[in-house]
Engineer: 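Questions regarding the structure given below will be posed in turn.
The structure displayed is predicted, hence computed values, not measured ones. Only this structure's heavy atoms are used, side chains among them; waters, hydrogens and symmetry mates stay out. Quick note: residue numbers are just sequence positions, from 1.
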Amino acid sequence: MNQYSVLLVDDEEEVIQIIMKKIDWESMGFQIVGYAHNGVEALEMAEEYQPDVVMTDIKMPYMDGLTMSRKLKEQHQTVKIIIFTGFDEFEYAKEAIDIEVEQYILKPINADELRKVFLRLKEDLDREMDEKRNVDKLREYYMESLPLLQESFYTSLIEGRIAEDQIEKYLVSYQISLEGPYYVATILHISTSHDSSEMNPFLRTVSVKKLAEEQFAGKYSSKIIIYLGDIIVISQLKSAEEITGYTDFMDEFCRLAKRVCDARVTAGIGHVCNRIQDLRSSYQGAGNAVSYRAIYGNTRAINIAEIDPQENADESWEQQAVHTILKRIKMGDRDALEKEINECMRHFSEYGTSLQKYRIFILELVAEIFRFGNNNNLNVDEIFGDGSNYLEKGFQAESPEELWNWLMEISGRMQDVISKERQNTTKSFVTKAVEYVEESYSDKNISIETVCKKLGVSAAYFSTVFKKETGKTFISYLTDYRMEQAVELLLTTDDKTYIIAEKVGYADPNYFSYVFKKKYGMAPSKYRTGKLKERG
């Protein structure tokens with residue numbers, strides 16, 4: 001059975017105790033997580049406990065129940081609010097309706113009536129929860145979202161943003177079949193220069209995509225998407241030699257698109273690969289092929305392997321490997337980093353590489369580390385040490401083991417530096433918030449919103465980080481600090497309580513006394529008298 005949390009709010013302790021004892025809350029699926037005696041305190045507790053239901057009186061000191069409910073709804077839209085009050089006035093009821101409270105109950109509260117209210121509320125909460133969890137509805141929503149998820153997968157794949165060990169999981173989850181065994185990426189680029197027609201460029205792209213879907217139906221198991229203004233075709237081949245017929249087919253399609261869609265299409269065909277993760281390189285080759293249209297003309301297919309024999313699918317691998325290693329470094333996962341470096345070493349071993357390519361890889365890795373370090377104000381000397389022979393060590397590695405050790409050492413150092421910098425940033429972030437409290441605690445309007453605006457961060461991120469570092473919510477920390485300053489003023493000055501209240505940020509001296517008594521167990525004046533007597 002689902003269990004929901006309840007926060008009670010009333011300035012009369014006796015009323016709260018009666019409500020708590022009138023009902024067997026647990027048997028109905030509720031638990032009382034706390035109670036507050038005014039709206040201000042309730043808002044602070046709501047930040048801490050995130051209740052599902054708030055049951056509140058209207059007339060209370062410092063902040064009434066309707067004001068509190070309005071603020072609560074702004075901060076927690078899903079919270080259910082029940083108003084219970086002795087005031088049977090139309091304006092109150094009207095405002096409660098505007099706030100969208102669940103129930104408006106008049107005191108004195110009848111136990112059976114209250115039980116019925118919460119049983120109905122439990123049904124509503126269960127229904128909402130079931131809707132969120134309903135497998136059939138989730139499946140229906142999933143199936144509706146599937147085309148978008150699949151398209152997102154293809155774009156992430158050609159951008160190289162999916163880890164190799166995650167590809168199979170996405171293929172299964174998104175119901176995608178990429179069995180190969182060979183793959184090739186093609187870019188269908190539609191020329192817009194010298195376009196005399198009045199058709200919207202996007203509509204023309206859609207028109208060519210629709211034609212491609214018709215022509216490719218049942219051929220090469222192709223997946224077709226629109227990406228960055230071009231049409232991307234990911235095709236599967238039964239053999240590497242099939243690329244010749246594929247190129248001819250694409251060439252014919254370009255001529256067909258000119259006749260049917262009045263579009264001048266250049267089909268840039270990338271390199272054939274036998275691994276799904278290498279489609280990124282194939283896509284890059286396709287982009288290079290499209291760029292040759294200035295030489296070979298548009299309305300035709302251009303296969304990069306045919307027009308630039310010097311370029312092969314593997315030439316861009318070094319840069320891709322560097323970016324992937326740097327990504328693993330920034331993620332901070334040492335195991336993932338080691339796995340990526342192992343994959344890099346396996347590639348060197350299985351596919352072989354020239355001395356020139358090997359040195360390019362080392363240079364690019366070092367350059368990327370320097371670039372990232374400088375852009376993020378990292379101490380690069382901590383990464384490479386105080387010597388300047390890091391390039392030589394990489395170039396002069398005499399065995400795979402030495403190269404592996406060099407890569408792990410450099411990458412590991414950078415990972416440590418980034419981790420330390422993140423910790424320092426978090427601590428600095430919290431330190432600034434604490435300093436803000438120390439400087440501005442007397443400001444009656446200080447809030448999470450004001451401190452977040454000053455720091456330039458979201459309230460959600462700020463609250464999470466602040467509590468993680470200090471063990472307190474921001475409001476609790478602010479209240480504790482104000483109370484500490486109040487104690488100092490009580491014991492070192494002759495100021496009246498209302499003056500001290502104003503000095504520590506409370507506009508209402510009565511509420512200040514209430515908060516003080518709640519923390520120290522006695523009123524401020526009594527606390528002062530007791531402490532001065534102790535001092536003799």
Side-chain angles (χ1 to χ4, degrees), residues 146-160 176-178 182-237 242-273 278-308 311 313 316:
L146 204 54
L148 290 176
L149 293 172
Q150 291 173 342
E151 189 162 321
S152 175
F153 169 81
Y154 295 134
T155 58
S156 298
L157 189 63
I158 61 176
E159 288 178 348
I176 295 172
S177 174
L178 285 178
Y182 293 91
Y183 312 92
V184 63
T186 302
I187 297 176
L188 300 179
H189 175 79
I190 303 173
S191 176
T192 56
S193 59
H194 309 297
D195 188 359
S196 58
S197 70
E198 296 181 357
M199 180 180 285
N200 181 287
F202 179 75
L203 292 180
R204 178 177 282 105
T205 301
V206 172
S207 173
V208 173
K209 179 177 182 287
K210 186 174 182 298
L211 179 65
E213 289 169 342
E214 294 172 356
Q215 295 300 309
F216 276 78
K219 296 184 178 67
Y220 303 110
S221 300
S222 298
K223 319 295 181 183
I224 304 172
I225 62 172
I226 294 176
Y227 177 65
L228 298 179
D230 290 324
I231 299 167
I232 312 301
V233 183
I234 297 174
S235 300
Q236 303 173 67
L237 308 178
E242 207 174 350
I243 190 63
T244 303
Y246 178 85
T247 302
D248 292 338
F249 178 82
M250 276 293 181
D251 201 61
E252 175 59 34
F253 174 80
C254 292
R255 291 193 292 271
L256 181 65
K258 182 68 175 68
R259 295 197 305 272
V260 175
C261 305
D262 191 23
R264 286 174 292 175
V265 177
T266 302
I269 301 172
H271 302 282
V272 177
C273 55
D278 291 334
L279 274 167
R280 179 175 186 264
S281 296
S282 182
Y283 171 71
Q284 291 172 340
N288 291 337
V290 168
S291 66
Y292 277 92
R293 67 188 184 281
I295 299 174
Y296 294 96
N298 51 37
T299 318
R300 58 160 300 173
I302 302 174
N303 187 332
I304 192 65
E306 294 175 342
I307 55 98
D308 190 355
E311 175 172 302
S316 60

Engineer: Given Leu211, which of Val260, Val206, Ile231, Leu188 fulfils the side-chain contact (heavy atoms from CB on, under 4.5 Å) condition?
Structural biologist: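 Testing each of Val260, Val206, Ile231, Leu188 against Leu211, the sole residue satisfying side-chain contact (heavy atoms from CB on, under 4.5 Å) is Val260.
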Engineer: Is there a donor-acceptor contact under 3.5 Å from the side chain of Tyr183 to the main chain of Leu178?
Structural biologist: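 Yes: the side chain of Tyr183 pairs with the backbone of Leu178.
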Engineer: For the CZ atom of Phe253 and the NZ atom of Lys219, what is their distance to the nearest 0.5 Å?
Structural biologist: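 Answer for the CZ-NZ pair, Phe253 versus Lys219, is 11.5 Å.
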Engineer: Could you tell me whether the side chain of Asn298 and the main chain of Thr266 form a donor-acceptor pair under 3.5 Å?
Structural biologist: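 Here the side-chain-to-backbone pair does not exist.
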Engineer: So do Tyr154 and Ile176 actually touch side chain to side chain, heavy atoms under 4.5 Å?
Structural biologist: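 With C-beta onward as the side chain, the pair touches.
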Engineer: Checking the side chain of Gln236 only, and the main-chain atoms of Ser221 only, is there a donor and an acceptor separated by less than 3.5 Å?
Structural biologist: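 Looks like yes, one N/O pair under 3.5 Å.
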Engineer: Looking only at atom types and distance, does a side-chain atom of Ser282 sit under 3.5 Å from a main-chain N or O of Ala185, one as donor and one as acceptor?
Structural biologist: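 Looks like yes, one N/O pair under 3.5 Å.
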Engineer: With rounding to the nearest 0.5 angstrom, report the CG to OH distance, Asp278 to Tyr182.
Structural biologist: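 It comes to 12.5 Å.
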Engineer: Rounded to the nearest 0.5 Å, what's the gap from CD1 on Ile304 to OG on Ser291? Could you check?
Structural biologist: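 Interatomic distance, Ile304 CD1 to Ser291 OG, rounded to 0.5 Å: 6.5 Å.
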Engineer: Compare every heavy atom of Leu256 with every heavy atom of Gln215, then report the nearest pair and how far apart it is.
Structural biologist: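 Nearest heavy atoms, Gln215 then Leu256: CD-CD2, 3.4 Å.
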Engineer: Quick test of your reading of the model: are Glu213 and Lys210 salt-bridged, counting only N-O distances below 4.0 Å?
Structural biologist: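 No salt bridge links Glu213 with Lys210.
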Engineer: Is there a side chain to side chain contact (heavy atoms under 4.5 Å, CB included) between Ile158 and Ile234? Walk through the geometry before answering.
Structural biologist: CA-CA 9 Å; Ile158 61 176; Ile234 297 174; 4.1 Å; yes
Engineer: Is the side chain of Thr247 donor-acceptor paired with the backbone N or O of Ile243 at a distance under 3.5 Å, no angle test?
Structural biologist: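 Yes; at least one donor-acceptor contact below 3.5 Å.
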Engineer: Looking at Ala263 and Val208, what are the two nearest heavy atoms and their distance?
Structural biologist: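 For Ala263 and Val208, the tightest heavy-atom pair comes out as CB-CG2, 3.8 Å.
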Engineer: Is there a side-chain contact between Phe249 and Tyr220 (heavy atoms, below 4.5 Å)?
Structural biologist: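 Yes, their side chains come closer than 4.5 Å.
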Engineer: To the closest 0.5 Å, what do you measure between CZ (Arg204) and CD1 (Ile190)?
Structural biologist: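 Between Arg204 CZ and Ile190 CD1, I get 7.5 Å after rounding to 0.5 Å.
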Engineer: Got a second to check how far Phe202's CZ is from Ser207's OG, nearest 0.5 Å?
Structural biologist: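 Rounded to the nearest 0.5 Å, the CZ-OG separation comes to 11.5 Å.
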Engineer: Which value, rounded to the nearest 0.5 Å, describes the distance between His189 atom NE2 and Arg264 atom CZ?
Structural biologist: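 Atom-to-atom, His189:NE2 and Arg264:CZ are 10.0 Å apart.
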Engineer: If you take all heavy atoms of Arg280 and Gly160, which pair is closest and at what distance?
Structural biologist: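 Closest approach of Arg280 to Gly160, heavy atoms only: CD-CA, 3.2 Å.
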Engineer: Testing Ile226, Val265, Asp230 for side-chain contact (heavy atoms from CB on, under 4.5 Å) with Thr205, which one passes?
Structural biologist: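 When side-chain contact (heavy atoms from CB on, under 4.5 Å) is applied between Thr205 and each of Ile226, Val265, Asp230, only Ile226 qualifies.
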Engineer: Tyr246 and side-chain contact (heavy atoms from CB on, under 4.5 Å): which partner among Asn303, Val272, Ile269?
Structural biologist: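 Answer to the side-chain contact (heavy atoms from CB on, under 4.5 Å) test with Tyr246 among Asn303, Val272, Ile269: Ile269.
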